[in-house]
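Let me begin by presenting the structure, written as structure tokens, before commenting on it.
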Amino acid sequence: MLRRTFAGVLAGAALALPLVAVSATPAAAAPEILATTLTYDDSQAGEFKTQVAAGVNVWNTSVTNVRIVKATPGQRVNIRVVATDGWPQANLGPVRPTGTATVWMGREAVNQGYNVVRIAAHEIGHTLGLPDIKPGPCSSLMSGSTGGVSCQNTNPNSSEAARVQRNYAGTAAVSTNAVLTDAA
Ligand SMILES: [Zn+2]
């Protein structure tokens, strides 16, 4: 009787050790910040593939909390890029790795002479949760066409980049399905 009780105490002590070790680990470990990775697909982007890649690169070099990479065959696509004859459009995000948003690269704006990389970066900005900020100066990416047809700035300003950083700082935000149209 005494022996069995003693053995039980030992077993309990042995079990308690790993539990203590596990609960101590998160407090001791340095906080790890992982970027959200989103995929994009340009198979329907027609003649705009190069400018779309440049627009993706704008965001990958402007923020750290989200990274956009080209989807591999069979992989879920988060940002689908489609060339169209209308005005550029995009779903308002922030899109999550479990969701899908579409960017429509509208030739109407391209034909009017707007910078195509700026169009791509602007529309991708919508999928990352940025609304239009119109009217606005050329220094603002989200000012869109109001930045002027001669505007060659393809980069977000500091507040636009900071807003995307915040959108991907946690996991609480939810995607919306609103479509924003960028008619001049
Ligand atoms: Zn817009």
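Predicted, not measured: the structure shown is a model, and the values here were computed from it. Any value given below was found using the heavy atoms of this structure, including those in side chains, with hydrogens, waters and symmetry copies removed. We count residues from 1, following the sequence as given. Order of listing sets the numbers, starting from 1, for every ligand and every atom in it.
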Item to check | Opening angle between NE2 in H122 and OD1 in D182, taken at the Zn ion (ligand 1), to 10 degrees | outcome: 100°

Item to check | Sub-4.5 Å side-chain heavy-atom contact between I79 and V103 | outcome: yes

Checklist entry - Transitively linked via ILVMFWY side-chain contacts under 4.5 Å: L92 with W87? => result no

Checklist entry - Would you say D42's side chain and A45's backbone share a donor-acceptor pair under 3.5 angstrom? => result no

Checklist entry - From the Zn ion (ligand 1) out to just under 2.8 Å, does an N/O/S atom of E123 turn up? => result no

Item to check | Residue list, side chain to side chain donor-acceptor pair (under 3.5 Å) with T102, at least two apart or on another chain | outcome: R80

Item to check | Shortest-distance N/O/S atom, D132 versus the Zn ion (ligand 1) | outcome: OD1

